[in-house]
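Reminder, nothing fancy here: chain letters follow the sequence lines and each chain counts from 1.
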There are 2 protein chains.
Amino acid sequence: MSTMTTASPDALAQRLADSGLRSTPQREVIYDVILRKRDHPTADEVYARVRADMPSISLATVYNCLETLVQCDLVRAVNFERAPTRYCPNLHPHAHFHDEQSGSIHDIQLPAELLEKISSVLPAGYDAKSLQITFRGKAQPAA
Amino acid sequence: MSTMTTASPDALAQRLADSGLRSTPQREVIYDVILRKRDHPTADEVYARVRADMPSISLATVYNCLETLVQCDLVRAVNFERAPTRYCPNLHPHAHFHDEQSGSIHDIQLPAELLEKISSVLPAGYDAKSLQITFRGKAQPAA
DNA sequence: GCAACAAATTGGAATGGTTCTAAGTAGCAA
DNA sequence: TTGCTACTTAGAACCATTCCAATTTGTTGC
Ligand SMILES: [Mn+2]
Ligand SMILES: [Mn+2]
Ligand SMILES: [Zn+2]
Ligand SMILES: [Zn+2]
């Protein structure tokens, strides 16, 4: 059994409990929405999707829950330039490809070997805790 | 003589003229400020530094001129998370190291060989026009 | 079950970097 | 000069996000 990198909906309650937090209907439906369509939605897009199931939820709660999911390491917040923050359930180390044509975001798998090479360009004294790699350009609708 | 990658103040007028734009005192002093202290200042920081020489300049003009310098490829705009945009006169391809302790930004030189390896992880159909690499962590005040 | 307490949600106001707008100023061309 | 355009300016507007105070919900101890 390898390390868990993309949790299931069931994992949510456990992960929240581990952090001393409650599993709430709002947190559940938001996490579910993010797992269901992995297109790196913004908070507004999450809000729109969640309201289909839960019309009374507030935008403030969407922001609060997304922050909670990020804190619990169930979701990653990713930023491109100064555009609205997007949310990604892919917990593997990966790069992002931003298609300028369509605005869509694609995950790019990164070999561990390459990650190591990249980190090795840091001069002595630099200790990187995280690494962010973003491509921008044109992507074929291949598939 | 190698390709120009970090222009001098003198290059400004020429580069502006090439784009059909005028060299103005505001553009000159802003570019000069960015060349003088290469610490990736924000627009506000540029504003504060420029006002020492030119107290009557407006913040709107600072934003306008920075945008112009970016368009003319004399300066690069760099973003970290959703923090205020920073401006960098280093035109070589390079990565950024964000020191969480001090908030300072350090340029990290990237071997061409590595850039090639990174781009080669893109699947067929992906055509990247730009690549952004950001480290985050602790940096020694070495030197 | 019930009271007390803590955690979470909510609507709306506030924040802050950036962009927009409309008016004024400055440089260039006939 | 006169006209034309580019540029600068102050302040308003924008908008993603955060903050706030009030309410609701869940949990714990009895
Ligand atoms: Mn982007
Ligand atoms: Mn940063
Ligand atoms: Zn992703
Ligand atoms: Zn730089």
Side-chain angles (χ1 to χ4, degrees), chain A residues 12-33 40-51 53-72 74-88 103 105, chain B residues 12-13 15-33 40-51 53-72 74-87 103 105:
Chain A
L12 174 63
Q14 186 56 55
R15 200 65 81 85
L16 287 169
D18 291 350
S19 300
L21 302 173
R22 296 175 187 164
S23 188
T24 68
Q26 289 85 352
R27 286 170 179 170
E28 284 165 13
V29 68
I30 286 173
Y31 186 48
D32 193 56
V33 153
H40 302 81
T42 63
D44 263 343
E45 287 164 349
V46 170
Y47 182 44
R49 292 175 197 178
V50 164
R51 279 209 282 187
D53 292 4
M54 187 182 277
S56 63
I57 198 171
S58 73
L59 180 57
T61 296
V62 171
Y63 275 102
N64 290 339
C65 292
L66 288 171
E67 170 67 12
T68 298
L69 295 177
V70 169
Q71 299 300 65
C72 292
L74 288 163
V75 166
R76 284 243 258 272
V78 311
N79 289 281
F80 304 101
E81 326 272 275
R82 291 185 48 82
T85 299
R86 295 176 172 278
Y87 296 88
C88 171
I105 309 295
Chain B
L12 174 62
R15 201 65 82 86
L16 287 168
D18 291 351
S19 301
L21 302 172
R22 294 178 189 162
S23 188
T24 68
Q26 289 86 351
R27 286 170 178 169
E28 283 166 14
V29 68
I30 286 173
Y31 186 47
D32 193 56
V33 153
H40 302 82
T42 63
D44 264 343
E45 287 163 350
V46 170
Y47 182 43
R49 293 175 197 178
V50 164
R51 279 209 282 187
D53 291 4
M54 187 182 279
S56 63
I57 197 170
S58 73
L59 180 58
T61 295
V62 171
Y63 275 103
N64 290 340
C65 293
L66 288 171
E67 171 67 10
T68 297
L69 295 178
V70 169
Q71 300 300 64
C72 293
L74 288 162
V75 166
R76 285 244 258 273
V78 312
N79 288 281
F80 304 101
E81 325 273 274
R82 290 185 51 78
T85 299
R86 295 176 171 277
Y87 297 88
I105 309 296

About how many Å separate CG of B:Leu66 and OH of B:Tyr47, when rounded to the nearest 0.5 Å?
->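 The OH atom of B:Tyr47 sits 13.0 Å away from the CG atom of B:Leu66.
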Whole Å only: how far is the CD atom of B:Glu81 from the P atom of D:dA16?
->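 So the CD-P distance, B:Glu81 to D:dA16, works out to 18 Å.
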Any [X] side-chain N or O less than 4.0 Å from OP1/OP2 of [N]:
| X | N | value |
| --- | --- | --- |
| A:Arg82 | C:dT18 | yes |
| B:Gln26 | D:dT9 | yes |
| A:Arg22 | D:dT27 | no |
| B:Thr61 | D:dT8 | no |
| A:Tyr63 | D:dT18 | no |
| A:Thr24 | C:dA7 | no |
| A:Arg27 | C:dA8 | yes |
| A:Thr85 | D:dA16 | no |

Taking only the side-chain heavy atoms of B:Ala60 (C-beta and beyond), determine which of D:dC7, C:dT10, D:dT9 contains the nearest atom.
->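 Given the options D:dC7, C:dT10, D:dT9, the side chain of B:Ala60 is closest to D:dT9.
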Mapping A:Asn64 and A:Ala43 onto DNA chain D by nearest heavy atom, which one lands closer to the 5' end?
->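 The residue closer to the strand's 5' end, by nearest nucleotide, is A:Ala43.
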Contact class for A:Ser56 vs. all strands (heavy atom < 4.0 Å): base, sugar-phosphate, or nothing?
->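 Answer is sugar-phosphate: A:Ser56 comes under 4.0 Å of backbone atoms only.
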